[in-house]
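Reading through the structure tokens given below for one structure.
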Amino acid sequence: MRKSFRRILIKRVFNAFITIILIMSLNFVLFRMVPVDPAAIMIEKDPQTTAAAYWRNVELMGLNDSLWDQFVSYFIMTFSGDWGESYSFERPVFEVTKAAIYWTMLLIGVSTALTFIIGMILGKIAALRRGKATDLTITGFGIFFYGMPVFWFAIILLIIFSGQLAWLPSGHRMEPGTTVFPISLEKIVDIIEHMILPAATMTIGAIAGVVLIMRNSLIDVLTEDYIVTSYAKGLSERQTMKRHASPNARLPIVTTLAMDMAFIFGGAFQVEVVFSYQGIGLVTMNAIWNMDYPMLQFIFLIGGVAVVLANLVADLILVKLDPRIQIV
């Protein structure tokens, strides 16, 4: 078994590595196809600006090199941790974005955990009450919110809970002027209050897929012979659900969450802009407005790599949880 899992691990990691290489290559090509001269962007709109300043920027950016040399340099710099310098901030892009990345990871982590836990509970309830009012209500509301645009739902929550009721903050990660450290209970409460609306928007928008898959998976599992056998052995419904039905019904959820990572990541961008939550989504919008291509290139890269790694982890967890999965 260990040898088999080791072979699966090596194969999955290799496939993920090849996918990341392809993402990096596509990332390089896309930003070279933009019909804007990055060397000209950094020059002030001043008629007194000399041509020497323009060519100095061309030299600094390596734009006078051949496309192949730029490609090789891009890969070397990426793997060495040098992701370029922001045009608008004139600082390394990682230095500019690292704080925003941490806050976005926190938001995505909280939203994903809530989606997983609440979705499984609601899916289980819907399956056990199949065809009844509870089942129809849960699935109906799930499909309704699943089809709702994330940014529109975020605006509605913002208007109701921040505008009309004034229950929750309308933007930022914390109260303006405060810092995380030194940490205190008051600051933790402040962070939670600012995160409630963004996390709720993302959770409600993504939860329907988990609910429906958990419901359908559990309904299928409850028809299996080993479930009938467990009842025949004298196990109660609660024991059967806990030991046999729920663990097997949860397996598709792992795959679903991994596949939804792209949706969750993209949803985080929209939600952060609506709530002015200072994460990587807001940084991305500012980079687009300022045509800051090194920063955009870095953000697109980490977004793609994050989705690939999430799928890799989910794939390996699924292999561990389900021994029936063979090397394919």
Side-chain angles (χ1 to χ4, degrees), residues 10-101 104-105 258-259 261-263 265-266 268-270 272-273 279-312:
I10 294 172
K11 186 173 183 178
R12 298 293 196 273
V13 170
F14 177 76
N15 290 339
F17 177 76
I18 296 300
T19 304
I20 289 173
I21 294 297
L22 293 175
I23 290 173
M24 291 175 61
S25 302
L26 182 61
N27 202 27
F28 175 86
V29 172
L30 285 177
F31 283 94
R32 271 32 179 211
M33 294 174 64
V34 177
V36 175
D37 187 351
I41 294 175
M42 296 181 65
I43 298 177
E44 296 181 4
K45 305 288 188 298
D46 187 341
Q48 300 299 320
T49 301
T50 62
Y54 171 80
W55 290 109
R56 179 179 60 84
N57 288 341
V58 170
E59 182 68 28
L60 289 173
M61 296 178 188
L63 298 176
N64 55 347
D65 298 334
S66 66
L67 200 59
W68 173 252
D69 289 338
Q70 292 182 45
F71 183 73
V72 173
S73 177
Y74 162 72
F75 266 81
I76 293 174
M77 291 173 64
T78 300
F79 283 112
S80 63
D82 182 1
W83 292 294
E85 188 172 289
S86 166
Y87 293 167
S88 51
F89 292 93
E90 297 185 357
R91 290 160 50 201
V93 293
F94 181 72
E95 184 181 321
V96 175
T97 58
K98 65 179 179 181
I101 291 171
T104 297
M105 288 174 61
M259 293 174 64
M261 276 305 298
F263 170 80
F265 200 82
F269 278 41
Q270 300 176 52
E272 287 178 4
V273 172
I280 201 68
L282 204 58
V283 171
T284 303
M285 291 306 300
N286 290 330
I288 292 173
W289 292 327
N290 295 321
M291 293 187 289
D292 197 335
Y293 294 118
M295 189 175 293
L296 287 173
Q297 187 170 259
F298 171 68
I299 292 170
F300 287 5
L301 176 62
I302 61 172
V305 171
V307 172
V308 171
L309 293 180
N311 279 273
L312 173 63

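For the numbers below, each heavy atom of this structure counts, side chains included, while hydrogens, waters and symmetry mates do not.
Within the 4.5 Å cutoff, no side-chain heavy atoms of Leu312 are placed close to those of Phe17. Using a 4.5 Å heavy-atom threshold, the side chains of Ile302 and Phe298 count as touching. By the 4.5 Å heavy-atom criterion applied to side chains, Met295 and Phe89 are counted as neighbours.
Met77 CE to Gln70 CD: the interatomic distance, rounded to the nearest 0.5 Å, is 11.0 Å. Here CG of Asp292 is found 11.0 Å from CD of Gln297. Values are rounded to the nearest 0.5 Å. Tyr74 OH to Trp83 CH2: the interatomic distance, rounded to the nearest 0.5 Å, is 11.5 Å. Taking CG of Asn15 as the reference point, atom CD1 of Ile20 lies at 11.0 Å (rounded to 0.5 Å). Summarising the geometry, atom OG1 belonging to Thr97 is positioned 6.0 Å from atom CD1 belonging to Ile299; distances are rounded to the nearest 0.5 Å. Atom CG in Leu67 sits 9.0 Å away from atom CZ in Phe71 (nearest 0.5 Å).
No more than 12 heavy atoms of other residues, nucleotides or ligands shown are found within 6.0 angstrom of CE on Met105. Heavy-atom contacts from other residues, nucleotides or ligands closer than 6.0 Å to CZ of Phe75 number more than 12.
The two residues Ser86 and Val93 come nearest to each other via the heavy atoms N-CG1, 3.6 Å. For the residue pair Glu95 and Lys98, the shortest heavy atom distance occurs at O-CG, 3.8 Å.
Proximity of a side-chain donor or acceptor of Asn27 to a complementary backbone N or O of Ile23 within less than 3.5 Å is not detected. Between the Ser73 side chain and the Asp69 main chain, no donor and acceptor come within less than 3.5 Å of each other.
For Thr104, the side-chain hydrogen bond (donor to acceptor under 3.5 Å, both in side chains) criterion is met by Glu272, not counting sequence neighbours.
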